[in-house]
Amino acid sequence: MNAIETIQDQVISEFELFDEWDEKYGYIIEIGKKLTPMPDQYKVQENIIRGCQSTVWLASEYKNGLVTYYAESDAIIVKGLVSLLIKVYSNQEPKDIISTEPYFIESIGMKQHLSMTRSNGLSAMVKQMKIEALAYMN
Amino acid sequence: MNSTAEISPYVDHNGNLVVERIRKDFPILNQRINDKPLVYFDNAASTQKPKVVIDSISNYYQTMNANIHRGIHTLAERATVAYEDTRISLQKFINASSSEQIIFTRGATEAINLIASTYGVQNIAQGDCILVSAMEHHSNIVPWQILAARVGAQVKIIPINDSGELILEAYQALLNEKVKLVAVNHVSNTLGTINPIETITELAHKVGAVVVIDGAQSVSHLDIDVQALDIDFFVLSSHKFYGPTGIGALYGKKHLLEQMPPYHGGGEMIKEVTYEGFSINELPYKFEAGTPNIADTVALKSAIDYINFLSKDKIRTHENHLLNYATSLLTAIDGLKIIGTAKEKVSVISFVIEGVHHQDIGILLDQKGIALRTGHHCTQPLMGRFGISGTSRASFAVYNTIEEIDIMVDALKNAIKMLR
Ligand SMILES: Cc1ncc(COP(=O)(O)O)c(C=O)c1O
């Protein structure tokens, strides 16, 4: 099991504590609000992943063999999910990022938000994270 | 003595519709979404279908499926009669003077594209001007932009005020002999505004411009009389007024339709074909190339019959009641602003909430089984006009209830609490 999978499993067990949908969403909203703000120089047009309804910004840095991601969204639930994706994929090695799918999203019951490709940038974000990781490998 | 209306289970002793009875006609409403009873408030996007419409589709395939206008066998005759019956029904529904002025299309979008590609290409030239309003659906903007780019014409925008009403003085100022076509919706899908199409048409005709009325949102709420309003072109979509998807219509004045070149080439639209060329069939077939969507067209008649049975007048009374109730409750929510406060409105309410993204509202209300629409509603330029990226929109139909509005308002307050 790689480090990304370990973190995903942690996230899944955290979510097992919630019985009600509003607890789960309440938690996602809270972590969305707490997401580390994106450095200003990254919050630019080129880093936008556009969905139909909400916008996601994504940027990354590569240092000492690890990829660090920064992201932001104008909608709070998407921002919470973005925050989870960062928790899972940030500060990891490109080869692990590329080879590991975000299976936790389905396990925590948020799959519908990943598949709603037209209404938010979430699945496009996962793809973009992998593309950037791949670029650092070469 | 009891009249039939008085003993109908659909009407109470005050002459109002009995919504509980109506709801029984819509099988889809009787289900749970995310473990809550479905509250369907996305009617401006598409209304649900009564059982008579659903049965009519099934009945068509079980008893009369055949290609129309071509066979002489019994099934072909049955299918043709049913298909043409819908045309006559629709003719009466919008009070057209003849059924050949009803051209079946896939929907309002295709009807607008048909006008742009035929009438537009034939009559609009370099330097001419097309006017569209600031509150148009993309379907009533993009076809005109495509046409303008193709012929070298210009698209100009009729502005609106902050309530979401057309500014008629500005419209008048834009009108001159360069204006060849004016395209406006009868009712705005985002704001609910009812536009004064009679005045718009009258003023356009004074400068010799032809008017295209996008009736996609008006047919389910308002009485349509294309003759009384002197309408040149009127387009509609069946799925917005309790009918099936994939069918709609274009109404046109006869002399306009006759003068227009055909849209698509193929079967049905021709009278005679040789290797050298073809002659064009008469109206309405000239514009109906290929095998059409027969089943849904046949079922559309059931939707029209259902509306007529309930009566638009009674439907409107109920919907206005819902609109007024929801408007007063929503207005009372702190930080909520209604976008679209025209004096003349149908039962559509768009709103924004300070510090809250509409998508979050949509997601949280869906958890409670409530179907709201969030986003730009295919009116991006209009969102720009109000300086917003989108709204949440509740739109009501005949089967919606006051209790459902209470459920929505509670859910909304709860969502705001979670999100702020
Ligand atoms: C005002 C308006 N015009 C046009 C359309 C397009 O209708 P359709 O997609 O059925 O062709 C819609 C549908 O959303 C609408 O609301």
Side-chain angles (χ1 to χ4, degrees), chain A residues 15 18-35 37-38 43 45 47-58 71-85 105-106 108-125, chain B residues 32-39 42 45 137-138 190 335 339 350-384 386-393 407 410-420:
Chain A
F15 271 81
F18 304 128
D19 297 327
E20 299 291 332
W21 73 270
D22 51 347
E23 293 171 359
K24 193 155 62 178
Y25 278 89
Y27 178 69
I28 290 171
I29 290 164
E30 284 320 305
I31 57 175
K33 286 178 185 166
K34 286 192 207 128
L35 177 67
M38 199 176 197
K43 217 180 158 185
Q45 193 71 27
N47 288 335
I48 285 183
I49 298 167
R50 198 172 288 285
C52 174
Q53 295 200 9
S54 55
T55 304
V56 172
W57 288 262
L58 176 75
E72 179 81 80
S73 174
D74 54 351
I76 196 77
I77 294 171
V78 168
K79 201 165 153 183
L81 295 169
V82 159
S83 165
L84 288 174
L85 284 168
I105 294 197
E106 180 162 6
I108 65 171
M110 292 289 140
K111 188 175 167 226
Q112 83 216 71
H113 301 305
L114 196 65
S115 61
M116 279 160 44
T117 45
R118 269 164 54 89
S119 54
N120 67 48
L122 217 57
S123 63
M125 172 173 167
Chain B
R32 297 175 82 80
I33 300 286
N34 291 319
D35 218 24
K36 314 280 186 318
L38 165 66
V39 173
D42 195 15
H137 188 280
H138 296 162
T190 304
I339 304 292
S350 261
F351 56 88
V352 291
I353 301 166
E354 219 178 288
V356 175
H357 195 283
H358 48 82
Q359 187 185 44
D360 292 322
I361 294 288
I363 291 172
L364 292 181
L365 265 60
D366 178 54
Q367 290 299 314
K368 293 217 165 179
I370 303 163
L372 277 197
R373 182 62 170 269
T374 58
H376 54 62
H377 318 293
C378 296
T379 53
Q380 281 176 348
L382 177 64
M383 296 294 99
F386 281 99
I388 53 182
S389 66
T391 73
S392 303
R393 181 187 71 186
I407 293 171
D410 277 350
L412 205 51
K413 287 178 179 164
N414 189 50
I416 295 170
K417 214 180 291 163
M418 285 175 77
L419 292 164
R420 276 215 182 119

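The structure presented is a predicted model; accordingly, all values stated were derived computationally and were not measured. Order of the sequence lines fixes the chain letters, A, B, ..., with proteins taken first and strands second; residue numbering starts at 1 for each chain.
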**Prompt:** Can you tell me how far the OG atom of A/Ser73 sits from the NE2 atom of B/His357, to the nearest 0.5 Å?
**Reply:**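 Those atoms lie 6.5 Å apart.
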
**Prompt:** In this structure, are over 12 heavy atoms from other groups packed under 6.0 Å from A/Glu30 atom CD?
**Reply:** yes

Contact between [X] and [Y] at the side-chain level, heavy atoms closer than 4.5 Å - yes or no?
X	Y	value
B/Leu364	A/Tyr25	yes
A/Val78	B/Gln359	yes
A/Ile28	B/Ile363	no

**Asked** Who passes ring pair (Phe, Tyr, Trp, His ring centres under 6.0 Å) against A/Phe15, sequence neighbours left out?
**Response** A/Phe18, A/Tyr27

**Asked** Does anything in residues 411-419 of chain B get under 4.5 Å of chain A by heavy atoms, and if so which residues?
**Response**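 Residues of residues 411-419 of chain B touching chain A at under 4.5 Å: B/Met418, B/Leu419.
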
**Item:** Minimum heavy-atom distance B/Arg420-A/Lys33, with the two atoms named
**Value:** O-NZ, 2.8 Å

**Engaged part of A/Ile77 at the chain B interface, taking heavy atoms whose separation is under 4.5 Å** = both

